[in-house]
Chemist: 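This structure is in structure tokens; I'll ask about it shortly.
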Amino acid sequence: MSRYYQTTPIYYVNDAPHLGTAYTTVVADALARWRRIAGDDVFFLTGTDEHGQKIDRASAAAGLSPQEMADRTASRFVRAWSELGISNDDFIRTTEPRHHSAVQAFLSAVNDNGYIEKGSYEGLYCVSCEDYFTEGEAVGGNCPIHGKPLEWMSEENYFFKLSLFEQKLIDYYEANPEFVRPLTKRNEALGFIRSGLRDISITRKAVQWGVPVPWDPGHVFYVWYDALINYATAIGYGTDQERFGQWWPAVHHLIGKDIIRFHCVWWPAMCMAAGLEPPHRIVVHGWLLVGGEKMSKTKLNQIDPVELAADFGADAVRYHLLRDVTLGSDGDFSYEGMVGRYNADLANNFGNLASRVATVVDRKCGGVGPAPRPDSKLAQAATSLASASASAWADFAPQDALELAWRLIREANAELEATEPWKMEPGAAVDGILGDALEVLRLVAILVSPAMPTACAELWRRIGMRERLSDQRAPEALEWGAYTAGAAVEKGSALFPRRSS
RNA sequence: GGCGGCGUAGCUCAGUUGGUCAGAGCGCACGGCUCAUAAUCGUGUGGUCGUCGGUUCGAGUCCGACCGCCGCUACCA
């Protein structure tokens with residue numbers, strides 16, 4: 001059994017979850033769910049990033065302590081993921097004691113290895129913002145927020161000697177072509193590394209809301225350095241090295257394209273500096289756009305995933321995100337697209353197939369599911385499509401995995417049209433046809449369950465499967481013929497009621 | 001400016017190393033069916049594969065130029 005450790009970024013608690021963060025989390029969840037089916041020992045982590053100046057200020061403005069503010073927002077994430085059926089094994093928060101311990105242990109190791117040195121950070125500083133800006137951000141030498149002149153300031157802090165890892169990173173990338181996916185993002189990260197790496201400051205003195213530097217308590221770690229280490233914390237870094245060793249480096253990070261540098265450059269270098277293997281794989285996804293634009297508070301185009309799930313059902317939202325966004329590319333969300341996909345794929349194809357099969361089984365087979373035929377016309381297509389779908393899941397291509405499952409659904413619908421069992425007298429011929437159709441539903445339920453766990457479990461129950469869907473293991477469970485005949489088939493209400501709008 | 005990517009049917013997109021590669025789904029049109037959630041099945045519509053050259057027996061598929069769009073070019077998470 002191999003181990004598979006799936007992570008999402010930890011979400012910053014300055015904002016409630018929106019459809020963009022939900023997209024990331026749903027994709028990670030589906031990937032993790034597939035790996036469980038594939039028989040891997042899976043650990044799936046998500047959580048929240050709670051330190052830093054922004055939280056410090058926002059909480060003060062709201063009349064709360066930073067911790068109160070973090071508690072409040074973190075609970076919204078927990079609830080949202082619950083509503084969306086996210087199967088995370090742990091939820092890490094960077095303000096937890098275990099994380100403070102891990103950060104201090106991790107960076108002490110980096111320090112002991114000689115990769116941290118004291119220096120001074122210099123840059124353009126806005127007194128009103130109490131923050132630094134790059135020259136690119138400055139507008140005519142003025143603060144882009146306040147419009148006031150920026151001052152050249154310097155601050156004593158600690159630097160991570162990132163520059164020493166330039167060649168090591170290049171070597172690692174070249175030795176592991178699949179390290180970052182898709183390829184274009186890998187090239188982007190590698191190009192950045194090749195252009196030359198500078199040391200980076202990793203502590204802040206002006207900010208107090210963070211993890212103190214163990215050897216110099218007047219400083220706290222810069223929030224990004226603290227945040228990345230969550231991936232190590234959750235599997236026992238610094239507290240349970242044996243457990244850590246079981247899961248590291250079998251980690252698969254799913255991230256958005258906006259945080260490539262932190263994950264694809266800083267983080268592997270940090271791991272090397274701490275004496276660890278770099279992460280096994282980083283999968284980069286694009287942005288979920290609305291009307292072609294990025295979701296943002298100011299554009300008022302943010303979509304609440306909890307509301308959307310309340311409207312369409314969590315499974316349908318998950319399906320749409322996984323099916324209509326090519327992992328790695330930007331996707332565009334629209335209400336019309338959501339409805340269109342729902343009706344076409346879920347109500348008309350999938351749900352209706354389940355419905356018509358159940359009805360004919362009821363009329364022609366006394367409501368008892370018959371056995372599929374080993375030599376069914378559908379067997380060959382089912383075997384190859386199921387196999388291809390499984391491969392797509394394993395290859396981080398949910399959109400392909402689902403498309404292939406739907407091809408199987410279409411095959412089954414077409415076969416029913418061709419044979420018209422509803423016109424036949426009860427008997428072996430009808431039994432065979434419907435046994436085949438039920439077998440297709442069984443296979444589809446497995447293949448689609450990472451995307452729609454609740455609906456697939458319900459279908460699984462309705463067709464009379466006795467074992468639990470969650471206990472199915474690919475590839476054995478995807479072999480043709482495992483439908484357990486003789487059980488009552490239940491029609492039930494529509495799995496996905498068709499929508500008019 | 002530098003590096004990288006993209007531009008294929010109305011829409012969303014597939015198209016390994018050049019030779020059934022001109023495709024899928026949706027949409028639309030026509031026909032069949034009526035078991036099913038007015039669902040389904042079949043047939044068809046539809047593209048000079050961004051433009052112009054080049055290499056080749058043969059190019060969405062390689063090379064060059066050009067047009068249009070986009071990403072990255074570091075310490076905001």
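These numbers were taken from a predicted model, which means no experiment stands behind them. Within every chain, numbering begins at 1; the chains are lettered A, B, ... in the order of the sequence lines, protein sequences first and strands thereafter.
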Chemist: Name the residue closer to the 5' end of RNA chain B, choosing between A:Ala418 and A:Thr326 according to the nucleotide with the nearest heavy atom.
Modeler: A:Thr326

Chemist: Only Watson-Crick and G-U wobble pairs with both distances less than 3.5 Å should count. Give RNA chain B in dot-bracket notation, marking inter-strand partners with |.
Modeler: (((((((..((((.........)))).(((((.......))))).....(((((.......))))))))))))....

Chemist: With rounding to the closest Å, how many angstrom separate the P atoms on B:rU37 and B:rA22?
Modeler: 42 Å

Chemist: Measuring centre to centre across the rings, with the benzene-like ring taken for any Trp, is A:Tyr319 within less than 6.0 Å of A:Tyr342?
Modeler: no

Chemist: Once you round it to whole Å, what is the distance between P of B:rG42 and CD of A:Glu420?
Modeler: 13 Å

Chemist: Expressed as a whole number of angstroms, how long is the span from A:Asp56:CG to B:rA77:P?
Modeler: 13 Å

Chemist: Could you tell me whether B:rG60 is syn or anti, where syn means a glycosidic angle within 90 degrees of zero?
Modeler: syn

Chemist: To the side chain of A:Asn349, which of B:rU40, B:rG42, B:rC33 is closest?
Modeler: B:rU40

Chemist: Could you check whether A:Gly256 gets within reach of a base, just the sugar-phosphate, or nothing at all, counting any heavy atom under 4.0 Å?
Modeler: nothing

Chemist: Between B:rU12 and B:rC76, how far apart are the two C1' atoms, rounded to whole Å?
Modeler: 34 Å

Chemist: Quick one: is A:Arg261 getting a side-chain N or O under 4.0 Å of the B:rU73 phosphate, OP1 or OP2?
Modeler: yes

Chemist: Pick the P atom in B:rC6 and in B:rC63, then give their distance to the nearest Å.
Modeler: 12 Å

Chemist: My understanding is that only one of A:Leu416, A:Leu385, A:Leu378 makes a side chain to side chain contact (heavy atoms under 4.5 Å, CB included) with A:Val440; could you say which?
Modeler: A:Leu378

Chemist: Regarding A:Asp400, tell me which of base, sugar-phosphate or nothing describes its non-hydrogen contacts under 4.0 Å with the strands shown.
Modeler: nothing

Chemist: Using the ring of A:Tyr173 (Phe, Tyr or Trp, six-membered ring only), decide whether A:Arg186 places NZ or CZ under 6.0 Å from its centre and within 45 degrees of its axis.
Modeler: no

Chemist: Measure from NE2 on A:His18 to P on B:rA77 and round the result to the nearest Å.
Modeler: 16 Å

Chemist: For A:Phe262 and A:Phe192, find the nucleotide of RNA chain B closest to each by heavy atoms; which residue's nucleotide sits nearer the 5' end?
Modeler: A:Phe192

Chemist: Rounded to whole Å, how long is the line connecting atom CG of A:Asp332 with atom P of B:rC6?
Modeler: 20 Å

Chemist: Is the terminal nitrogen or CZ of A:Arg442 (NZ for Lys, CZ for Arg) located under 6.0 angstrom from the six-membered ring centre of A:Tyr483 and within 45° of that ring's axis?
Modeler: no

Chemist: Work out how far the P atom of B:rU16 is from that of B:rC62, and round it to whole angstrom.
Modeler: 9 Å

Chemist: Heavy atoms under 4.0 Å, any strand shown: does A:Arg410 hit a base, just sugar-phosphate, or nothing?
Modeler: sugar-phosphate

Chemist: Cation-pi between A:Lys257 and A:Trp287: NZ/CZ under 6.0 Å from ring centre and within 45° of the ring axis?
Modeler: yes

Chemist: Is the phosphate of B:rU34 approached by A:Lys423 (side-chain N or O, under 4.0 Å from OP1 or OP2)?
Modeler: yes

Chemist: Rounded to the nearest Å, what distance is computed from the CG atom of residue A:Asn187 to the P atom of nucleotide B:rC6?
Modeler: 10 Å

Chemist: Would you indicate which nucleotide in B:rA77, B:rG71, B:rG5 comes nearest to any side-chain atom of A:Glu188?
Modeler: B:rG71

Chemist: Between B:rU48 and B:rA9, how far apart are the P atoms? Round to whole Å, please.
Modeler: 8 Å

Chemist: Can you find a side chain N or O atom of A:Tyr222 that sits less than 4.0 Å from OP1 or OP2 on B:rC76?
Modeler: no

Chemist: Provide the distance between the two P atoms, one in B:rA74 and one in B:rC67, to the nearest whole Å.
Modeler: 26 Å

Chemist: Quick one: are the ring centres of A:Trp267 and A:Phe262 less than 6.0 Å apart?
Modeler: no

Chemist: Going by the rule side chain to side chain donor-acceptor pair (under 3.5 Å), which residues pair with A:Asn348 if we only count those two or more places apart in sequence or in a different chain?
Modeler: A:Arg498

Chemist: Is it true that A:His99 and A:His51 have ring centroids separated by less than 6.0 Å?
Modeler: no

Chemist: Nearest whole angstrom, please: distance from the C1' of B:rG71 to the CG of A:Leu183.
Modeler: 15 Å

Chemist: Between B:rU20 and B:rG60, how far is it from one C1' atom to the other, in whole Å?
Modeler: 16 Å

Chemist: Below 6.0 angstrom between ring centroids: does that apply to A:Tyr11 and A:Trp81?
Modeler: yes

Chemist: I'd like to know whether the aromatic ring centres of A:Tyr23 and A:His285 sit less than 6.0 Å apart in this structure.
Modeler: yes

Chemist: Taking the ring centre of each residue, are A:Tyr231 and A:Phe106 less than 6.0 Å apart?
Modeler: no

Chemist: Under 6.0 Å between ring centres, would you say that holds for A:Tyr115 and A:Phe160?
Modeler: no

Chemist: Would you mind reading off the distance between A:His320 atom NE2 and B:rU12 atom C1', rounded to a whole angstrom?
Modeler: 10 Å

Chemist: With 3.5 Å as the limit, what N/O pairs link the protein to nucleotides 35-37 of chain B?
Modeler:
residue: B:rC35; atom: O2; partner: A:Arg356; partner atom: NE; Å: 3.2
residue: B:rC35; atom: N3; partner: A:Arg356; partner atom: NH2; Å: 2.6
residue: B:rC35; atom: N4; partner: A:Arg356; partner atom: NH2; Å: 3.2
residue: B:rC35; atom: N4; partner: A:Glu417; partner atom: OE2; Å: 3.2
residue: B:rA36; atom: OP1; partner: A:Arg363; partner atom: NH2; Å: 2.9
residue: B:rA36; atom: O3'; partner: A:Ser355; partner atom: OG; Å: 3.3
residue: B:rA36; atom: O2'; partner: A:Asn352; partner atom: OD1; Å: 2.2
residue: B:rA36; atom: O2'; partner: A:Ser355; partner atom: OG; Å: 3.3
residue: B:rA36; atom: N1; partner: A:Arg356; partner atom: NH2; Å: 3.4
residue: B:rA36; atom: N3; partner: A:Asn352; partner atom: ND2; Å: 3.3
residue: B:rA36; atom: N3; partner: A:Arg356; partner atom: NE; Å: 3.2
residue: B:rU37; atom: O2; partner: A:Phe496; partner atom: O; Å: 3.2
residue: B:rU37; atom: O2; partner: A:Arg498; partner atom: N; Å: 3.0
residue: B:rU37; atom: N3; partner: A:Phe496; partner atom: O; Å: 2.9
residue: B:rU37; atom: O4; partner: A:Gly351; partner atom: O; Å: 3.1
residue: B:rU37; atom: O4; partner: A:Leu495; partner atom: N; Å: 3.3

Chemist: Rounding to a whole Å, what distance do you find between A:Leu404:CG and B:rA24:C1'?
Modeler: 11 Å

Chemist: Looking only at atom C1', what distance separates B:rG15 and B:rU8, rounded to whole Å?
Modeler: 9 Å

Chemist: So A:Tyr12, base contact, sugar-phosphate only, or nothing? Heavy-atom distance under 4.0 Å.
Modeler: sugar-phosphate

Chemist: For a quick check of understanding: with a heavy-atom distance under 4.0 Å over all strands, which category does A:Trp224 fall into, base, sugar-phosphate or nothing?
Modeler: base

